[in-house]
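Worksheet: one structure, shown below.
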Amino acid sequence: MTLISPITSDPVRNWVAMNNNNCDEIDAVIGPNTVQSYVPGFMGTGSTQPNLGNTGTITGVFYVQFETVFTWGFFRFGGSGINMGNGSFNITLPFICDASMQEDPDSGHGAIIGNAVCRDESSTANRQTCVVQLTGGNVVIFDLQAGGASSRAAGGAGGGRPFAWADGDAIHWAASYKIGV
Amino acid sequence: MGTTTTPNLGLIKPDLLESIKPNGPMPGWAAQNALNMNAIDSAFHRDDDTWNPAWTGDVSNPSLGTGGFVQGRWFRVYRKMVIAWFRIYTGSSGFSAGSGTYRLDLPFTMAAAVDAIAAGLEIPIGRAYLRDDSSVIGSEIASVCYAPDTNNLFLRTESGSWAPTAPFTITNEDRVTGYFIYPTDIAP
């Protein structure tokens, strides 16, 4: 914040402009005290793009304080026309990440900024946790853990990983990071 | 002559004619400044405390053994965010596991906007470590998930939801510790 502190010789009338500046600076840094909604983008890294289906949903919310954004969201496949694609799922965050954060398009290479759950609606045994990884700008993938109870495959969650995505299946995530300019 | 206010905190900005008035029919600088200081102080307010999260089972509740505990600590930053830690020790003897999916309470109610997007589902808001004292190789890292249908937490493990026999049979000397971060609408 660029706050103005008057000096002894300042005329009193200068206080008005100084106060205006200081109030606006402080107010802008604090920002609105609300959780706001946004619609994340959804795409894949493969040659065949995924499709959530005609009743599929994707939604996100975020809360900003200073340069940090906290965000939560989910997508869920639904209805007809579902296609899980043949690459890793990508979703977009509400803001681009600060350039100092380590971004990389490959699974396991970029910075981890949150947690996620792959939810197989028809099989609780198939549900598994994963992490949210930055791939670049405001795009992330969901890195899976190998092994576990169902001999799961590592890599980015997507077509066939960690299960065949169908009606009702979903990924839920929570992440936080520094906003870029 | 008059004042304007900032959009978020409502900080008062008097114009030239309003700026330096004695207290009278309209509030002068002293009153305006006091309001501004309070608004700024509230925005940067922080708080922290301990709490004892209720540890329950969907069918019957676990019962701690000798020396067992369920402890929690939370810290609030900014105006909505809650960062919380918890740890559980089942006790040295006499622990009873209860039955059904295990759940833990939040220190503050989840913000309505986040609760709304996850209806019937789950939001992974933290991580936990479940330590099997008798067989460390059976220990596991899990996601701390918020369940909107019950307004509390459960742990997503590689063997399903955390329960008396998942990911291992919980007994005396076992421990669970974790953290989570989430927003609340409860005023600090």
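Each chain gets a letter, A, B and so on, in the order the sequences are listed, and its residues count up from 1.
Across all non-hydrogen atoms, the minimal contact from Leu9(B) to Asp27(A) is N-OD1, 2.6 Å. Here the closest non-hydrogen pair linking Lys80(B) and Thr34(A) is CE-CA, 3.9 Å. Taking both residues in full, the closest heavy atoms of Leu11(B) and Cys23(A) are given as CD1-O, 3.5 Å, listed atom of the first, atom of the second, then distance. Closest non-hydrogen pair, Ala174(A) versus Ile123(B), comes out as CB-CG2, 4.4 Å. The two atoms that bring Asp24(A) and Lys13(B) nearest to each other are OD1-NZ, 2.7 Å, heavy atoms only. For the pair Trp72(A) and Ile117(B), the tightest heavy-atom approach, listed with the atom from each and the gap, is O-CD1, 3.8 Å.
Within the 4.5 Å cutoff, the side chain of Pro124(B) has no heavy atoms near those of the Thr129(A) side chain.
Follow the hydrophobic side-chain contacts under 4.5 Å out from Met101(A) and you never reach Ile141(A); the two are in separate clusters. The hydrophobic cluster containing Val69(A) does not contain Val35(A), counting ILVMFWY residues as joined when their side-chain heavy atoms lie under 4.5 angstrom apart, directly or transitively. Placement of Leu153(B) and Trp55(B) within a single hydrophobic cluster is found when ILVMFWY residues are connected by side-chain heavy-atom separations under 4.5 Å, directly or transitively. Cluster annotation: Leu93(A) is connected to Ile179(A) through the hydrophobic network of ILVMFWY side chains, with a link wherever side-chain heavy atoms come within less than 4.5 Å. Residue Ile91(A) is not grouped with residue Val114(B) when hydrophobic side chains (ILVMFWY) are merged at heavy-atom distances under 4.5 angstrom, including chains of intermediate members.
The structure places OG of Ser159(B) at 11.5 Å from CD of Gln128(A), a figure rounded to the nearest 0.5 Å. A distance of 10.5 Å separates SG in Cys118(A) from CZ in Arg156(B), rounded to the nearest 0.5 Å. Separation of atoms CG (Asn115(A)) and CD1 (Ile181(B)) is listed at 9.0 Å; rounding is to 0.5 Å. Here CZ of Phe70(A) is found 4.0 Å from CE of Met81(B). Values are rounded to the nearest 0.5 Å. To the nearest 0.5 Å, atom CG of residue Asn36(B) and atom CD1 of residue Ile26(A) are 8.0 Å apart. Remark: Ser143(B) OG to Arg127(A) CZ distance equals 13.5 Å, nearest 0.5 Å.
Surrounding CD1 of Ile7(A) are more than 12 heavy atoms belonging to other residues, nucleotides or ligands, all under 6.0 Å away.
Residue Pro167(B) does not touch chain A at all, counting heavy-atom pairs closer than 4.5 Å. Proximity to chain B (any heavy atom under 4.5 Å) is restricted, for Thr68(A), to the side chain, taken from C-beta onward. The part of Trp173(A) that comes within reach of chain B is its backbone (N, CA, C, O), which places non-hydrogen atoms under 4.5 angstrom from that chain. Heavy-atom distances place the side chain of Ile40(B), and not its backbone, under 4.5 Å from chain A. At a 4.5 Å heavy-atom cutoff, the contact between Ile12(B) and chain A is made by backbone atoms alone.
Proximity to chain A among residues 86-103 of chain B is not found for any residue, judged by heavy-atom separations below 4.5 angstrom.
Remark: side-chain polar atoms of His172(A) are paired, donor with acceptor, to backbone N or O of Glu122(B) under 3.5 angstrom.
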